[in-house]
*Asks:* 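Please read through the structure below; I'll follow up with questions.
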Amino acid sequence: MRYKRCGEQRETAGVTGDVLGSQRCDCGPQLREAAERITVEGGFLLYLRQEGRSIGLYEKLDAYSLQDRGLDTYAANLALGHGEDERDYRAAAQMLLAVGVDRIRLLSNNPDKAIQLEANGIAVAERVHTAVHLSPANARYLTAKRDHTDHTIDLGPVQ
């Protein structure tokens, strides 16, 4: 069994947060944080295209519209006929196993990611939490993730 460190971009990896710089989420700042940590500590960055918890770009834009009307990020996905979170981390586990890694330190605030990786043959030796990239634009979003799906997020004062 080989043990390696692993940095992994979390949650809504995709065009809106990472490329277009949407401030409604913390995806872009988390991606930059992961890259910086990996530069110092080593590890892997697995980038999975899972826009809007895997509902796709167009549906994510529709979800934004529903959020503007008061729904949280999870309720918006349900209103569009999707699951709250349709992401599947099997591909991430397969990538790690393909390079001989079956035990990691996981950089993520998302407990489901660790659960899915473990179910697919990757031992998560430690969950390392990302910084909280809180702003007025994403406070509601982060609150929903903390309260609805038990993300490890300390939402001290909004900056």
Side-chain angles (χ1 to χ4, degrees), residues 1-57 59-60 63 73-74 77 82-135 137-159:
M1 179 180 339
R2 254 169 59 180
Y3 175 78
K4 293 238 179 173
R5 295 176 201 190
C6 176
E8 182 180 339
Q9 162 56 15
R10 79 174 190 101
E11 274 76 82
T12 33
V15 175
T16 54
D18 302 334
V19 177
L20 300 177
S22 172
Q23 295 184 9
R24 291 180 181 237
C25 67
D26 55 348
C27 312
Q30 282 188 343
L31 177 61
R32 286 187 294 281
E33 177 188 352
E36 290 167 4
R37 284 182 175 213
I38 290 167
T39 298
V40 173
E41 298 178 27
F44 301 91
L45 185 127
L46 306 178
Y47 190 91
L48 306 176
R49 290 179 18 172
Q50 299 175 324
E51 188 69 46
R53 293 186 187 85
S54 284
I55 67 172
L57 178 59
E59 293 280 58
K60 171 83 177 269
T73 184
Y74 299 100
N77 281 11
H82 296 284
E84 290 180 345
D85 189 338
E86 296 183 355
R87 290 175 295 179
D88 182 335
Y89 297 102
R90 275 181 291 191
Q94 291 167 348
M95 286 185 242
L96 291 167
L97 292 169
V99 296
V101 175
D102 61 1
R103 183 176 172 84
I104 62 171
R105 292 177 64 227
L106 177 65
L107 178 60
S108 178
N109 297 332
N110 182 354
D112 184 54
K113 188 176 292 182
I115 291 166
Q116 284 197 44
L117 287 171
E118 293 253 349
N120 285 285
I122 303 297
V124 177
E126 179 184 6
R127 272 187 52 217
V128 179
H129 305 296
T130 68
V132 176
H133 303 280
L134 178 64
S135 72
N138 70 15
R140 224 175 115 230
Y141 169 79
L142 294 177
T143 300
K145 289 195 326 183
R146 180 197 65 196
D147 296 349
H148 194 75
T149 52
D150 296 324
H151 281 62
T152 308
I153 302 173
D154 178 4
L155 293 176
V158 177
Q159 302 170 13

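No experiment lies behind these values; they were computed from the predicted model shown. Excluded from the calculations below are hydrogen atoms, water molecules and symmetry mates; all remaining heavy atoms, backbone and side chain alike, are included.
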*Asks:* Can you check whether H133's main-chain N or O pairs, donor with acceptor, with N138's side chain at less than 3.5 Å?
*Replies:* yes
*Asks:* Over all heavy atoms of both residues, which pair between A123 and E118 is shortest? Give the atoms and the distance, please.
*Replies:* C-OE2, 3.7 Å
*Asks:* How many angstroms lie between atom CG of L31 and atom OH of Y47, to the nearest 0.5 angstrom?
*Replies:* 6.5 Å
*Asks:* Could you walk me through whether V132 and R146 satisfy the side chain to side chain contact (heavy atoms under 4.5 Å, CB included) test, starting with their C-alpha distance in whole Å, then the side-chain angles of each, then the deciding distance to 0.1 Å, before giving a yes or no?
*Replies:* CA-CA 11 Å; V132 176; R146 180 197 65 196; over 6 Å; no
*Asks:* Between CG of L97 and CD1 of I122, what distance do you get to the nearest 0.5 Å?
*Replies:* 3.5 Å
*Asks:* Nearest heavy-atom pair of N77 and A63: which atoms, and what distance?
*Replies:* OD1-CB, 4.0 Å
*Asks:* Taking the side chain as everything from C-beta on, heavy atoms only, tell me whether Y89 gets closer than 4.5 Å to L46.
*Replies:* no
*Asks:* For T73 versus A144, what's the shortest heavy-atom pair and its separation?
*Replies:* CG2-CB, 4.2 Å
*Asks:* Any chance you could measure H151, atom NE2, to T143, atom OG1, to the nearest 0.5 Å?
*Replies:* 12.5 Å
*Asks:* When rounded to the nearest 0.5 angstrom, what is the spacing between CG in L106 and CG in L96?
*Replies:* 9.5 Å
*Asks:* For D112 and Q116, does a side-chain donor sit closer than 3.5 Å to a side-chain acceptor?
*Replies:* yes
*Asks:* At what distance, to the nearest 0.5 angstrom, does CG of L142 lie from CG of L134?
*Replies:* 6.0 Å
*Asks:* Less than 4.5 Å apart, side chain to side chain, heavy atoms only: is that true for E41 and V128?
*Replies:* no
*Asks:* Has R90 got more than 12 heavy atoms of other residues, nucleotides or ligands less than 6.0 Å from its CZ?
*Replies:* no
*Asks:* For R127, enumerate each residue passing the side chain to side chain donor-acceptor pair (under 3.5 Å) test, keeping only those at least two apart in sequence or located in another chain.
*Replies:* T152
*Asks:* Between N109 and T130, is there a donor-acceptor pair closer than 3.5 Å when you use the side chain of the first and the backbone of the second?
*Replies:* yes
*Asks:* If you round to the nearest 0.5 Å, how far is CG of L117 from CG of D102?
*Replies:* 12.0 Å
*Asks:* With the threshold set at 4.0 Å, does a side-chain nitrogen-carboxylate oxygen contact exist between E33 and R37?
*Replies:* yes
